[in-house]
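Lettering follows sequence order; numbering is per chain, from 1.
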Amino acid sequence: MRAFSIRWSEHAGWSEPLATRADRDLPLVLAFGPVKAPAPAWFAEVAAAWPHARVVYCTGGGQIDGTDVRDDDVVLTGMHFDRAKTRVVSRNGAGAVPCDQLGATIGREFAIDHGLRHLLVFLDGLHVNGAAFTRGLSEVLPHSVTVSGGLASDGTVFAHTGVGLDGPPEEGRVIAIGFYGESLAIGTGSAGGWDSFGPERIVTRAEGPTVYEFDGERALDVYRRFLGDLVAELPGSALLFPLALTEPGGGTEIVRTILGIDEAAGSLRFAGDVPQGHRVRLMRATNDRLLDGAAHAARQARTALGTVEPAVMLCISCIGRRAVLRSRVAEEVDEVVHHAPGAVVSGYYSNGEIAPPAGPTRRAALLHNQTMTITAIGER
Amino acid sequence: MHPAIARPIRRYLGDTEIPESVQDVLTAASNALYDMDRDREITARTMAVLSSELEERLERVRASEDQYRTLFDAGPNPTFVIRRSDRAVLSWNVAAEKVLGWPREETLQRPIETLGICGAQCGFAARLMGPGRIEPSDVVHTTLTTRSGLPLEAEVQGLDMLINDTAAVLVMIRDVTAQRTAERLEQGTSARFRAFFNHAGMAIQVLSANGTVLEANPPCTDMLGLTPSELLGMQFSELLASDESPSVTEASRDLLASTSRESITLERRFTHRDGSMLWAQVIIARVESGSETLLVAMLQDITERKRMEEQLVRQAFQDDLTGLANRALFRDRLRHALDRRARANAKVAVLLLDLDGFKRVNDSMGHAAGDELIRAIANRILITVRSGETVARLGGDEFAIVIESVAPDEDPRALAERLLEIISAPVHIGERDMVIQASIGIAFALPEEDGDTVLRNADTAMYSAKSNGKQCVHVYHPSMHTRALVRIEVEHELRQALVNNELELHYQPQIRLHDGVVRGFEALLRWRRPNRGLVAPGEFLSVAEETGLIVPIGTWVLHEACRSAQHWPATNGVQPSLSVNLAPCQLERDSLIQDIRDALDQSGLDPRRLVLEITESQIMRAPDAARAKLQAIRALGVRVAVDDFGTGFSSLSQLQFFPVDELKIDRSFVARIGDGDREAAFVRTIISLAKALNAEVVAEGIESPVQSDFLTSLGCELGQGYLYSRAMHVSAIAPFLQANRHFEESPARAQSLVL
């Protein structure tokens, strides 16, 4: 397997002449870029360089290229396999079909393929229920197939996100890339680094991902109290306090990121359902804990590959981490590069990450928040 | 630049130019410090917010504590809290102050014993505060002393609790002085009632108006398998089987509300402690006791009676032998299926299955074997039909199946064919493998047809199947009904015929072919049917065989023929022979030999004159049994003829083992003489076979001189047919023989003798 990365920006153009990377046989290009996507001519130029490649464009809240995190650049990662094959499916996820059904439909479409090893999915970050989609997908796929991926993002604006296949990103779209072949070695890692603090609060009024009240108090008011003068930076500043969610009667803790606020209703919208009656606690992280998390995720993904060297370390990191790490955000990417020195490290900051939960036993993929999720891809 | 960097730079470097590479590092460090400052601010604010939140929560806890204090004081019963370690009083409510006479301030932190409310040892405290947790049901009945020295009869209850990690006991006192005094007064009377209550021959419970068991006598606890302490306090509805309780609860409620009724009587199922169900008749009566209304429930165990009732119901609807539905249940199910059909627009079909020749099994192997066979067949039917379809035994060897909803692509004929196949597999009974076959009639219910009609139609179709040679399936068609009616009529009249002597025998002469002399006669059955004239056996024999009438008819034929032949004149000193046909089931009967012997004895006929004719197919049906029977017949001196020879597919090699005196060439072969060489060769083979078996040959159905000449030329000795004579009435025999004698003298004329 061979992989490379190349960058493009509106003001600086290509980071190296595109012709040097032209390749008639290249099958797959992942392009992570800003919400303001390049003009159609740009996509034509890309198609000319790689006439047979499927180009998957996903908007990010910052793009990862090696040890750098860039806001205005499109980071393209080309992958060429010796024996493995890929197949890409694109669907509208904002239609009438519930997201879990859509996930199941796409899953079934892939499940019948022979030799499927991994599914990499990119979903619109605001109009698709990533948790439900992932649940539907996992339910129909064989256990031998792993799933990873992420939700598109627009940073802390929470206005428009999208993904596109061989063209500009579209709102509400979902794209799944199937990886086939015995020669593939794919590993995932996912870790956070957040700690919950303060008293438990009960979600006393909520609908789907929107929470109106904690303990009978307007949810937005609780956040305002903790944010102080950072209220001016809402909704982005709410990312500093994600929510740890526990089902009534105990159970595992799930982390939920804030994706938006409604001043009039005093409500908060999260990146997944926050059911009424659940107990929640606010979460905080220090920079060091987050950086440790990134390193941990890289180690997990790397270890899963065994002796195979990864050609690509695909990093999907939560936009909430960037809000905390700020100027030190590149350090978490440094951790990944450090653990896979020969690999192309690329990725983006997301509204949600999809991967199997970490642990000794293999389990179905879930939607995570506030994690660094890494997919390591190599070929024997 | 962050002040923490800007300050040392100013202090140590002043205006010194800083290289660009160092400048980058300093900028990065400065940014990191700004981020850390922001982090610290957030953390500090978070702490501040948390601390005020916690303060608020604490305030709420304090407020709720006050609420509890108010509740504690408002309680009507003396209540206080004692620390377990030293029995010091921690709380003391207002009621305790009033009833026990001790103000709160004087009790707090004092060991409870020092108050002297129950003597120096304070018995209840010792009881409640021993090792181990206090059970909620622990109630100490004791007499306390108030501060002013008055006795106080009390029930004392304790409750374990933790107050600020300190083990303590909440003590609640109920003043029962007044209640106890009243009880003592009443006790004299109640002791007598108690004795009656305990020894009543019936289970009795006293219930509160809401159904709580207040009292229960020993017969009651015995009946339910519960101890008194388990039973008291339970809800009456808990004693009932769960599906019964709502109806009883409702009935009790109605009774309580009723102004006219004082009791209700119900029969309900109760649950015994061991999980078993028992039936009881319950009389619930409303009783006014002082100011309160109570219910008295009297229970009588009727489990045995109910069990017998259920058994009777089961018996009424179940076939004892097979456990299948019986006719009554079948009719009920069919009726329901037809009702449902109207609603669900489904097609209903009835299959009626009757075993072929079951009577023979019963007759030859006994009823026990017959029963076993019926059971085996019932099982085969059950495993073949879909679950849920009703299979019934209507009686005898008759089974019926209702298909409640025939799917559009489903043909009940397929099921019927499958049943035929499965039933015809050998059944192992006793030491034998038996093969039994069945005939099946199918009828589809037409709209507006009732169950009886459908069943009758299936029955008609089944009879049609039987008369069509059995082991087949017929689907009802209205035309069958007419045919069945004809058969029923025949059966009815045939029974009458036996009684009214309507059966007669006619006799066809058998002629010696080479000289035309009468050798004997074959007895042939005729029925002089009222309004119909003389009827040949083809029209009624199959009915006679199905209905078993063939047995008495066959016996009558044998006796009548022997009796008649005894009176025939001899010709040339030779008595004519008498040939009599045996029906298949006659041959199978154990009593056959005795019947023959009786006929011979009663008529005085010489056994050597009698020839019994058995068809070839009859022999081949059960060769071993047939051989034994034939040998027994011959042992009587009676001769044996094989009738319809050539039609029964018997193998020649088998035939040589049968004791046979005559072979009768079937009329179909004789009729074809002259048609070609093949037929001629066949007749020739039969004749030479008969010679080899040392048997005589009788050709049947000779109608022309050509046939007669041909047979004679092959060495066939005997013949019968229209060429010589039709069958004749017994009264014609003597003249016929007389005439024959004349012709004996000139054999050439014999062939022209046609009567």
Side-chain angles (χ1 to χ4, degrees), chain A residues 67-69 193-202 214-234 236-244 280-291 320-334, chain B residues 1-10 12-13 18-68 70-71 161-165:
Chain A
T67 56
D68 295 328
V69 176
W194 297 77
D195 300 299
S196 41
F197 72 94
E200 271 188 346
R201 295 162 212 273
I202 311 276
F214 296 117
D215 291 334
E217 185 182 0
R218 275 159 57 104
L220 188 57
D221 290 353
V222 174
Y223 267 73
R224 282 180 195 284
R225 230 181 11 252
F226 281 92
L227 288 170
D229 50 10
L230 292 174
V231 162
E233 293 175 36
L234 272 172
S237 57
L239 290 169
L240 296 174
F241 296 104
L243 216 55
V280 295
R281 288 176 83 192
L282 298 186
M283 301 189 95
R284 272 285 279 151
T286 62
N287 288 352
D288 288 337
R289 293 271 291 126
L290 294 186
L291 297 177
R321 300 168 70 85
R322 198 176 174 199
V324 175
L325 288 166
R326 288 160 68 97
S327 67
R328 295 181 66 189
V329 71
E331 288 182 37
E332 78 163 357
V333 189
D334 277 346
Chain B
M1 199 65 78
H2 192 276
I5 293 176
R7 264 188 237 110
I9 287 175
R10 202 167 52 237
Y12 295 113
L13 300 178
I18 300 167
E20 199 174 321
S21 58
V22 176
Q23 188 78 43
D24 285 349
V25 173
L26 290 177
T27 305
S30 162
N31 286 342
L33 284 170
Y34 276 123
D35 283 352
M36 285 164 73
D37 286 351
R38 178 169 168 276
D39 236 25
R40 207 171 48 238
E41 278 168 32
I42 295 170
T43 306
R45 187 170 46 244
T46 304
M47 298 318 284
V49 172
L50 274 183
S51 125
S52 69
E53 272 191 357
L54 289 174
E55 186 57 40
E56 220 173 273
R57 280 170 191 241
L58 205 59
E59 194 49 49
R60 284 207 292 273
V61 170
R62 279 194 205 107
S64 88
E65 231 179 36
D66 285 346
Q67 270 177 11
Y68 282 114
T70 311
L71 275 176
M161 57 198 310
L162 272 181
I163 296 177
N164 300 332
D165 289 337

*Asks:* Provide the closest heavy-atom pair for A:Arg284 versus B:Asp39 in the form atom of the first, atom of the second, distance.
*Replies:*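 Nearest pair, atom of A:Arg284 first, then B:Asp39: NH2-O, 3.5 Å.
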
*Asks:* Ignoring hydrogens, what is the shortest heavy-atom contact between B:Arg45 and A:Leu227? Give both atom names and the distance.
*Replies:*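 Closest pair (atom of B:Arg45, atom of A:Leu227, distance): NH2-O, 2.7 Å.
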
*Asks:* Test side chain to side chain contact (heavy atoms under 4.5 Å, CB included) on B:Leu50 and A:Phe226 and set out the steps.
*Replies:* CA-CA 9 Å; B:Leu50 274 183; A:Phe226 281 92; 4.1 Å; yes

*Asks:* Is chain A contacted by the side chain of B:Ser52, its backbone, both, or neither, given a heavy-atom distance below 4.5 Å?
*Replies:*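 Neither the backbone nor the side chain of B:Ser52 comes within 4.5 Å of chain A.
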
*Asks:* More than 12 foreign heavy atoms under 6.0 Å from CE of B:Met1: is that the case here?
*Replies:*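 Check passes, neighbour count above 12.
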
*Asks:* Quick one: CD on B:Glu53 to CD on A:Glu217, what's the gap to the nearest 0.5 Å?
*Replies:*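 If I round to the nearest 0.5 Å, the distance is 7.0 Å.
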
*Asks:* Kindly indicate, with the supporting measurements, whether the criterion side chain to side chain contact (heavy atoms under 4.5 Å, CB included) is fulfilled by B:Asn31 and A:Arg326.
*Replies:* CA-CA 9 Å; B:Asn31 286 342; A:Arg326 288 160 68 97; over 6 Å; no

*Asks:* Please check if atom CE in B:Met47 has more than 12 non-hydrogen atoms from other residues, nucleotides or ligands closer than 6.0 Å.
*Replies:*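 Atom CE in B:Met47 is not crowded, with 12 or fewer foreign heavy atoms closer than 6.0 Å.
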
*Asks:* Is it true that B:Arg38 and A:Asp229 make a salt bridge, defined as a side-chain N closer than 4.0 Å to a carboxylate O?
*Replies:*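 No, this pair does not count.
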
*Asks:* Under a 4.5 Å heavy-atom cut-off, does chain B meet the side chain of A:Leu240, its backbone, both or neither?
*Replies:*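 Looking at A:Leu240, just its side chain touches chain B.
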
*Asks:* Would you check if B:Arg57 and A:Asp215 make a side-chain contact, meaning some heavy-atom pair closer than 4.5 Å?
*Replies:*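 Yes, close enough: below the 4.5 Å cut-off.
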
